[in-house]
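Here is the naming used below: chain letters follow the sequence lines, and residue numbers restart at 1 for every chain. What's counted below: heavy atoms across the whole structure, side chains too, no hydrogens, waters or symmetry copies.
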2 protein chains.
Amino acid sequence: MSEGTATQRRPGRPRSQEADAAILRAAVDLLVERGAGEASIEQIAQRAGVTRATVYRRFRDKTQLLVQAVEAENGAQSESALTWPNVDRMLDDWAGYLGHSRHRRILRRLYGALDDFPELLAAYHESYGRRRAEGVRDTLHRAREAGHLPADVDIDFLQQLLSGAVLHHLGAYPDTTGADEIREYLATALRQVGYRPAPPGP
Amino acid sequence: MSEGTATQRRPGRPRSQEADAAILRAAVDLLVERGAGEASIEQIAQRAGVTRATVYRRFRDKTQLLVQAVEAENGAQSESALTWPNVDRMLDDWAGYLGHSRHRRILRRLYGALDDFPELLAAYHESYGRRRAEGVRDTLHRAREAGHLPADVDIDFLQQLLSGAVLHHLGAYPDTTGADEIREYLATALRQVGYRPAPPGP
DNA sequence: CCAACAATACGGTACAGCTCTGTATTTGAT
DNA sequence: ATCAAATACAGAGCTGTACCGTATTGTTGG
């Protein structure tokens, strides 16, 4: 059962896995540097040290390539836990993530490509955002039940507010902002909506 | 005094004002449709019913053209008042603005062009956003003093939160969303941060 | 066990077609 | 005379497809 993984071994020379990885990597790099619209297959192939034919053999068009590149990018990342014991740990995680310039730029590019390549943000959401959003929801829910958030707060809406705060931060603060400062920013946002790390005693 | 407006009548054939307007209009249209990066001077000229030379004579490059186009766009719009008697009126105004598909798409494009054409959002901010932000600040400040907002709320940060909520809405809700629903969205956002139209006092 | 073969990937090159840029030149309006 | 407008031109990049020679695998037959 050497072909047990449902992948029927195709005859002929197998595809180079180095090329696979190099292409996807180059695709994300150019997505970050030039944006989805301006990144060309030509450039991606060149950056990956491969000819265009090698790219066209794998991907129908640029959209498919970018979609798989995005999936691969945070597929490698999503191994880290997407659930947190409490809000503070969640903020730590967020701040760590948003403290990396590459992550910030990817997120901006995905949002900026909404009108032209909606599939990209959809792919991100499918492969990462959705599970993550569930973790956020859970964490906020528990915080509310523990009395750290006002009882009448709308968790779903609060989640949207936090997403918005992230978007605003991505656009308004430099990518060199430190993780600690970002953490403070997110904490301030939560404070505005009534989050209190220490429960409001009897 | 036929040249009294400080505009020294230059010799030779004057520039067509129709061309001026058509170019700027076409520039914004294509910015909306294709984004700053993908909109080409070629297309803009064609859309304006003008040759490229006519565009190059007026604008050094695409960036300058788009900057002036953005300025002209909401320069024509900013005649409407940028101060409001109270928060409710402010939300009415916002919802009316964000209820127009064109406005939503322009804002998305400006944000999406942050990495490649930061001058665009800067131009918007200079010609419109800044004064508007001051109006928002004032309105929120008065609301807090009137007791409609918690006394310990951070006005500047609240403003950023609202900007983020708008960004999130632009990305997450369809452009066909009605103004009334958008108004409800914004009101919900304010409610989460403790806004209460009726003062809480005895 | 080894040789020949089929099937496929890869790099390289080429091609036609399209769009865009930037400048130069000509024509035309005031 | 002076400038605007239209036209023309040279150069560049990207797309999508096609072909070649070579490399790498599995299969088949001796």
Side chain Arg52(A) and base dG16(D) donor-acceptor under 3.5 Å: yes

Starting from P on dA18(D), measure out to OH on Tyr56(A) and report it in whole angstrom. 13 Å

Does a donor on one side chain sit under 3.5 Å from an acceptor on the other, for Ser127(B) and Asn74(B)? yes

Which nucleotide in dT7(D), dT30(C), dC20(C) has an atom nearest any side-chain atom of Pro14(B): dT30(C)

From dT21(C), dT7(D), dG11(C), nucleotide with atom closest to Glu42(B) side chain: dT21(C)

Does the side chain of Arg13(A) get closer than 4.0 angstrom to OP1 or OP2 of dA23(D) through an N or O atom? no

For the pair made of CD in Glu18(A) and C1' in dT24(D), what is the distance, rounded to whole Å? 13 Å

Taking the minimum atom-to-atom distance to the side chain of Ile41(B), which one of dT7(D), dT21(C), dC10(C) wins? dT21(C)

So does Gln43(B) get a side-chain nitrogen or oxygen closer than 4.0 Å to the phosphate oxygens (OP1/OP2) of dT19(C)? no

What is the distance, rounded to the nearest whole Å, between atom CD of Gln17(B) and atom C1' of dA4(D)? 14 Å

Closest of dA4(D), dA18(D), dG22(C) to the Arg57(B) side chain is dA4(D)

Can you measure Asp61(A) atom CG to dT15(D) atom C1' for me and round it to whole angstrom units? 12 Å

The single option from Arg108(B), Arg102(B), His103(B) passing side-chain contact (heavy atoms from CB on, under 4.5 Å) against Asp175(B): Arg108(B)

Do Phe59(B) and Ile23(B) touch side chain to side chain, with heavy atoms closer than 4.5 Å? yes

Nearest whole Å is fine: how far is dT21(C) C1' from Gln46(B) CD? 15 Å

Could you tell me how far apart Ile44(B) (CD1) and dT19(C) (C1') are, to the nearest whole angstrom? 14 Å

Results of side chain to side chain contact (heavy atoms under 4.5 Å, CB included) for Ser163(B) - residues two or more places apart only: His168(A)

Just to confirm, is there a sub-4.0 Å distance from OP1 or OP2 of dC20(C) to any side-chain nitrogen or oxygen of Ser40(B)? yes

Proximity to the side chain of Thr54(A) - top-ranked nucleotide from dT7(D), dT23(C), dC10(C): dC10(C)

More than 12 heavy atoms of other groups within 6.0 Å of Arg137(B) CZ: no

Pairwise 5' ranking along DNA chain D for Glu38(A) and Ala53(B), keeping only the more 5' one: Ala53(B)

CD of Gln64(B) versus P of dG22(C): gap in Å, rounded? 13 Å

Length of the CG-P vector between Leu65(B) and dG22(C), whole Å: 12 Å

